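Please read the structure below before turning to the comments.
Worth saying up front: this structure is predicted, and the values here are computed from it rather than measured. The first residue in the sequence is number 1, and the count goes up from there. Just so you know, these numbers use all the heavy atoms, side chains as well, and skip hydrogens, waters and symmetry mates.
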Amino acid sequence: GVDAAPALEEAARAHLHVAQDFGLLVNELELLGACGRVESVPLLLEAARQGRTTVVQTAALDALGTLGDAAAVPELLEMAPLFAEDAPRSAVLITLGRLGTAPAVEYLETLVRDWLRGSGSPLGTTAWNGLLLIEGEELRPALLRLDPILPNFQRTQAIAARIELGETGL
């Protein structure tokens, strides 16, 4: 729980820059996300930015999504295009979807639109999946804006998401 977080943070800080400790660090980061202590966000962001392996970066990003603190979104948006490897690039998109703020929705929607038009990232499917993770009302306008260019499968998913948001008469 929350009481374990300070000790986990201390251990994670000690392991953050020691390459051979990445296995321990990954476990500590995952546990920090599960603890639910928002004070862990700065450390998780640091691990996402400076992690020595993609496994560490991905674990930090996943932990941020689990923790669910939307205050991390601005920094996540800054770092999202900087990841060179697919695993953290995918993880940041899913985390943005799980956090679901308006700026995250806008970012994911742009990636999906570019992907559907053939000019975007190969991670367009992941951006779409991240978008579908959004549970708030911010999702509905994005789905409506994307509707004219959605292929049948994605359109069906969008309609299902809109129904889950309470929309009727589709």
How close do [X] and [Y] get, counting heavy atoms only, and between which atoms?
X      : Y      : value
Ser90  : Thr126 : O-CG2, 3.7 Å
Thr54  : Pro88  : CB-CD, 4.0 Å
Ala80  : Tyr107 : CB-OH, 3.5 Å
Pro148 : Arg145 : CD-O, 3.4 Å
Leu108 : Gly130 : CD1-C, 3.9 Å
Leu132 : Ala161 : CD2-CB, 4.2 Å

Single-linkage hydrophobic cluster [X]~[Y], side-chain heavy atoms < 4.5 angstrom:
X      : Y      : answer
Leu165 : Leu131 : yes
Val73  : Ile94  : no
Val41  : Leu61  : yes
Leu139 : Leu144 : no
Leu77  : Leu45  : yes

Apply side-chain contact (heavy atoms from CB on, under 4.5 Å) to residues Leu116 and Leu150 and explain how you reach the verdict.
CA-CA 7 Å; Leu116 290 172; Leu150 289 174; 3.6 Å; yes
Could you state the interatomic distance from [atom1] ([X]) to [atom2] ([Y]), rounded to the nearest 0.5 Å?
X     : Y     : atom1 : atom2 : result
Asp21 : His15 : CG    : NE2   : 4.5 Å
Leu44 : Asp62 : CG    : CG    : 10.5 Å
Ser40 : Leu8  : OG    : CG    : 8.0 Å
Leu32 : Leu67 : CG    : CG    : 8.5 Å

Worked check of side-chain contact (heavy atoms from CB on, under 4.5 Å) between Trp128 and Leu146
CA-CA 11 Å; Trp128 173 250; Leu146 289 168; 4.1 Å; yes
Taking NZ, NE, NH1 and NH2 as the nitrogens, is one of them in Arg13 or Glu10 under 4.0 Å from a carboxylate oxygen of the other?
no
Taking NZ, NE, NH1 and NH2 as the nitrogens, is one of them in Arg89 or Glu85 under 4.0 Å from a carboxylate oxygen of the other?
no
Start with the C-alpha distance between Arg52 and Phe22, add both sets of side-chain angles, then the distance that settles side-chain contact (heavy atoms from CB on, under 4.5 Å), and finish with yes or no.
CA-CA 8 Å; Arg52 296 172 73 88; Phe22 82 92; over 6 Å; no
Tell me whether [X] contacts the main-chain N or O of [Y] through its side chain, where contact means a donor paired with an acceptor under 3.5 Å.
X     : Y      : result
Thr66 : Gly33  : no
Arg37 : Val2   : no
Arg98 : Ile134 : no

For residues [X] and [Y], determine if any side-chain heavy atom of one lies less than 4.5 Å from a side-chain heavy atom of the other.
X      : Y      : result
Leu64  : Asp69  : no
Thr53  : Val56  : yes
Val105 : Thr101 : no
Glu9   : Glu28  : no

May I have the step-by-step check of side-chain contact (heavy atoms from CB on, under 4.5 Å) for Gln157 and Ile159, ending in yes or no?
CA-CA 5 Å; Gln157 289 178 307; Ile159 290 170; over 6 Å; no
Within a radius of less than 6.0 Å around CD of Glu39, do more than 12 heavy atoms belonging to other residues, nucleotides or ligands occur?
yes
